[in-house]
Amino acid sequence: MAEKDFEKIYNEYRNQSEQNENKSQQEISDKEQITAVRKNDDGDIIAFKTNTGRELDYVTALEEAKLGNLAHVDVFHKYGRDIIRSEPDGIKENNLDQLPEF
């Protein structure tokens with residue numbers, strides 16, 4: 001049986017991961033980002049404003065997020081429905097609930 005060059009295989013894997021990360025970062029920077037939110041009287045987020053100035057109602061923003069058109073947000077299923085949330089990155093200040101209101 002031929003001996004494998006584990007280090008070579010690992011380095012190729014790392015290089016490929018770094019190239020994919022660079023490509024992903026460029027794709028993210030090309031997407032719209034949510035910069036502000038609108039809340040109702042209960043404090044629930046009901047609309048979003050993007051860096052391009054678009055104002056999206058919750059359902060439209062949810063669809064845009066599902067299509068991957070909004071950067072730094074995830075869609076997950078909770079409370080029996082789909083919900084938009086900021087990507088978990090450990091930075092409290094960029095959570096949707098912490099963004100300025102419009």
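Since this is a predicted model, take the numbers as computed values, not measurements.
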key: Nearest-0.5 Å distance that lies between atom CG in Leu70 and atom CG in Leu62   = 10.0 Å
key: Asp82: salt bridge (Lys or Arg N to Asp or Glu O under 4.0 Å) partners, not counting sequence neighbours   = Lys66
key: Lys/Arg N to Asp/Glu carboxylate O, Arg54 vs Glu64, below 4.0 Å   = yes
Rounded distance (nearest 0.5 Å) linking atom NZ of Lys31 with atom CG of Leu67 = 10.0 Å
message = For the residue pair Arg38 and Phe48, would you count it as a cation-pi contact if the rule is NZ or CZ under 6.0 angstrom from the ring centre and within 45 degrees of the ring axis?
response = no
task = Kindly compute the distance separating CG (Leu56) from CD1 (Ile46), expressed to the nearest 0.5 Å.
result = 13.0 Å
ask   = So, the side chain of Asp42 versus the backbone of Asp44: is there a donor-acceptor pair under 3.5 Å, distance only?
value = no
Donor-acceptor pair, side chain of Asn51 and main chain of Gln33, under 3.5 angstrom = yes
Let me have the donor-acceptor pairs involving side chains of residues 91-102, under 3.5 Å, with sequence neighbours excluded, atom names and distances please.
{"residue": "Asn94", "atom": "ND2", "partner": "Asp89", "partner atom": "OD2", "Å": "2.8"}
{"residue": "Asn95", "atom": "OD1", "partner": "Ser86", "partner atom": "OG", "Å": "3.3"}
{"residue": "Asp97", "atom": "OD1", "partner": "Lys39", "partner atom": "NZ", "Å": "2.9"}

note = So CZ of Arg14 and CD1 of Ile9: to nearest 0.5 Å the spacing works out to 15.5 Å
ask   = Taking atom CZ of Phe76 as the centre, does the number of heavy atoms from other residues, nucleotides or ligands within less than 6.0 Å exceed 12?
value = yes
Beyond-backbone contact of Ile83 with Tyr58, side-chain heavy atoms, under 4.5 angstrom = yes
ask   = Is it the case that one hydrophobic cluster holds both Ile34 and Val59, taking links as side-chain heavy atoms less than 4.5 Å apart, direct or via other members?
value = no
ask   = Quick one: CZ on Arg85 to CD1 on Ile45, what's the gap to the nearest 0.5 Å?
value = 13.0 Å
task = Spell out, as yes or no, whether a donor-acceptor pair under 3.5 Å connects the side chain of Thr50 to the backbone of Glu32.
result = no
